[in-house]
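The structure under discussion appears below in the form of structure tokens.
Every chain is numbered from 1 and lettered A, B, ... according to where its sequence line falls, protein lines coming before strand lines.
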Number of protein chains: 2
Amino acid sequence: MSAVDIAFHGLRHMIASGRLGAGEKFPSETALLSELGVSRGSLREAVRMLSALGVIESRHGSGTYVSQLRPEEIMGSLALTVDLLPLSGLLDMYELRGVLESHTAAQAAARISPEQTAELFDLVEAMEAAADPEIAPELDAQFHALIDRISGNPTLTVLLGVFRARSRAYQLFALPEGAEIRRVSDHGHRTIFNAIVLHDPAAASAAAASHVAQTVEWLRFYQPAVRTP
Amino acid sequence: MSAVDIAFHGLRHMIASGRLGAGEKFPSETALLSELGVSRGSLREAVRMLSALGVIESRHGSGTYVSQLRPEEIMGSLALTVDLLPLSGLLDMYELRGVLESHTAAQAAARISPEQTAELFDLVEAMEAAADPEIAPELDAQFHALIDRISGNPTLTVLLGVFRARSRAYQLFALPEGAEIRRVSDHGHRTIFNAIVLHDPAAASAAAASHVAQTVEWLRFYQPAVRTP
DNA sequence: TTATCTCAACTCATCTGATGACTTTTTGGA
DNA sequence: TCCAAAAAGTCATCAGATGAGTTGAGATAA
């Protein structure tokens with residue numbers, strides 16, 4: 001077991017064993033060095049690992065703390081990695097996304113309030129009216145994010161946000177066929193919207209699944225290159 | 001932007017930009033130092049971060065490589081973190097698990113082969129017959145894992161495995177009420193099994209959802225302490 | 001020629017010491 | 001009592017040295 005592994009599991013165990021709870025502060029670097037029996041470099045690498053995973057946070061000048069350990073934060077750690085997956089191996093993940101989108105759409109249909117209905121309506125209208133090819137994808141994301149939020153599960157909201165950001169990088173709307181794709185996409189949004197507003201979970205679920213399936217079709221067919229800013 | 005951030009995003013960009021593909025080797029530490037303009041310590045911390053996220057791998061004496069970038073590997077990086085979440089904030093995640101279990105059960109019902117049927121049957125029988133309280137949870141895990149595998153999506157298999165490992169740490173069967181819990185649990189398994197064997201996706205989906213919901217009920221009611229080995 | 005062994009070069013792993021930068025607490029004065 | 005400056009504590013970063021594992025070229029023997 002390497003020095004970094006010792007430090008990593010040592011730190012992790014402090015949380016798993018209940019010695020430290022969410023938000024609590026670790027002993028100082030110096031104290032941890034002697035407790036874990038590794039050098040400062042190894043300890044710092046272990047801290048960075050747990051930090052990348054969203055489990056702990058280091059604050060310069062203050063100390064190192066256990067994070068709030070909220071599921072949505074943990075899922076958020078996927079954001080920087082999902083973008084790196086090649087399109088080829090991504091279809092499994094789209095199946096996952098389809099299942100989850102169906103679920104949030106159904107939940108939203110069951111729970112949406114009048115105020116939220118108005119908000120969602122505004123987004124659909126704005127999306128269909130958007131001429132700017134920069135704005136359309138942004139509204140698209142907002143539309144789906146709002147549905148996720150209405151469904152009431154922050155973890156799912158974050159996870160689907162991660163997936164969606166990945167899709168957006170492909171910029172389907174910017175393809176030569178972008179106009180037609182947008183037309184079909186907007187129609188899909190309208191279908192989802194109608195089902196949700198009518199409080200029809202089954203229809204919303206089916207519409208969302210179909211919407212994702214459509215996206216997968218486009219990606220498989222066009223295989224657009226990712227934008228690398 | 002801190003030195004580690006510079007190194008982290010620099011490395012990440014080498015993959016995102018396509019300069020390095022899955023399995024390819026990074027330049028040596030020394031070469032990266034001058035390219036990224038940070039010290040060895042900072043570079044190593046950044047490498048560890050990406051390594052913890054499952055994106056790259058360092059091999060002692062050989063070099064640092066991009067991982068295979070398979071979705072299931074990325075999801076696997078959650079294994080060490082989900083176990084740390086407190087029960088209180090875990091219900092959102094169980095909703096996620098319920099949705100996914102329903103899906104894999106339905107998929108399995110649609111796709112199961114005769115050989116797989118026999119295999120699954122053996123597991124159900126063994127589980128109901130298991131007297132040893134150590135073996136029962138293991139067979140339980142195998143039963144669900146097999147269903148996931150039959151459903152044909154490695155990413156989902158890994159993700160659900162992570163969630164299930166989390167549940168197992170609570171050792172419901174070891175409670176005073178364990179015998180009754182096992183009886184109900186085994187009945188749930190039998191229901192799921194029957195639906196899958198009958199190629200009835202809808203029934204399988206419902207049975208799986210109910211099985212997860214039952215688990216959540218138990219956890220909420222008993223709030224057992226985690227086992228910390 | 002082919003197979004195997006040896007060793008040098010290359011690579012990551014770890015430790016140590018020193019310095020900088022930021023935050024929090026304490027302290028002293030108004 | 002309030003506020004600002006000082007001090008203490010903490011993480012951030014760099015640089016150098018040494019250890020340990022891997023790899024491949026070249027020597028050697030079959």
For the side chain of B/Ser51 and the backbone of B/Val47, is there at least one donor-acceptor N/O pair under 3.5 Å apart?
-> no

Closest of D/dC11, D/dC14, C/dC12 to the B/Thr64 side chain is C/dC12

Expressed in angstrom and rounded to an integer, what is the separation of B/Leu32 atom CG from C/dT11 atom P?
-> 11 Å

Using a strict 4.0 Å threshold on nitrogen-to-oxygen distance, state whether A/Arg19 and A/Glu24 make a salt bridge.
-> no

Winner on side-chain proximity to A/Arg40, out of D/dG21, C/dT16, D/dA15, is C/dT16

Atom CG of A/Leu43 to atom P of D/dT13: distance rounded to whole Å?
-> 15 Å

Mapping A/Ser39 and B/Ser28 to their closest nucleotides on DNA chain C, which lands nearer the 5' end?
-> B/Ser28

Value in whole Å for how far the C1' atom of D/dA15 lies from CD of B/Glu45 | 15 Å

Separation of D/dC11 P from A/Glu57 CD (nearest whole Å) = 14 Å

In whole angstroms, the gap separating P of D/dT13 from CE of B/Met1 amounts to 11 Å

Can you tell me how far P of C/dA13 sits from CZ of A/Phe8, to the nearest Å?
-> 16 Å

Show the numbers, then the answer: is there a side chain to side chain donor-acceptor pair (under 3.5 Å) between B/Arg97 and B/Thr215?
-> CA-CA 11 Å; B/Arg97 180 179 160 192; B/Thr215 303; 5.2 Å; no

Mind checking B/Ser2 for me? I need base, sugar-phosphate or nothing, with any heavy atom below 4.0 Å counting as a touch.
-> sugar-phosphate

How is B/Gly41 classified with respect to the nucleic acid when contacts are heavy atoms under 4.0 Å: base, sugar-phosphate, or nothing?
-> nothing

Comparing nearest nucleotides in DNA chain C, the 5'-proximal residue of the pair A/Arg59, B/Gly61 is B/Gly61

Presence of salt bridge, A/Arg12 and B/Asp83, under 4.0 angstrom = yes

What nucleic acid atoms does B/Val47 come within less than 4.0 Å of, heavy atoms only: base, sugar-phosphate, or nothing?
-> nothing

Closest to the A/Ser42 side chain: C/dT14, C/dT24, D/dT10?
-> C/dT14

d(CG, B/Leu33; P, C/dA13) in whole Å | 13 Å

Closest non-hydrogen atoms of A/Ser67 and A/Glu73, given as atom of the first, atom of the second and distance, are OG-OE1, 3.7 Å

Looking across every strand, which nucleic acid part, if any, lies under 4.0 Å from B/Arg44 by heavy atom: base, sugar-phosphate, or nothing?
-> base

Which nucleotide in C/dT23, D/dT22, C/dA13 has an atom nearest any side-chain atom of A/Ser62 = C/dT23

Closest listed nucleotide, where the reference is the side chain of B/Ala3 and the choices are D/dT13, D/dG21, C/dA21 | D/dT13

For the base of D/dC11, is there a side-chain donor-acceptor partner from A/His60 under 3.5 Å away?
-> yes

Rounded to whole angstroms, how far apart are CD on B/Glu29 and P on D/dG16?
-> 15 Å

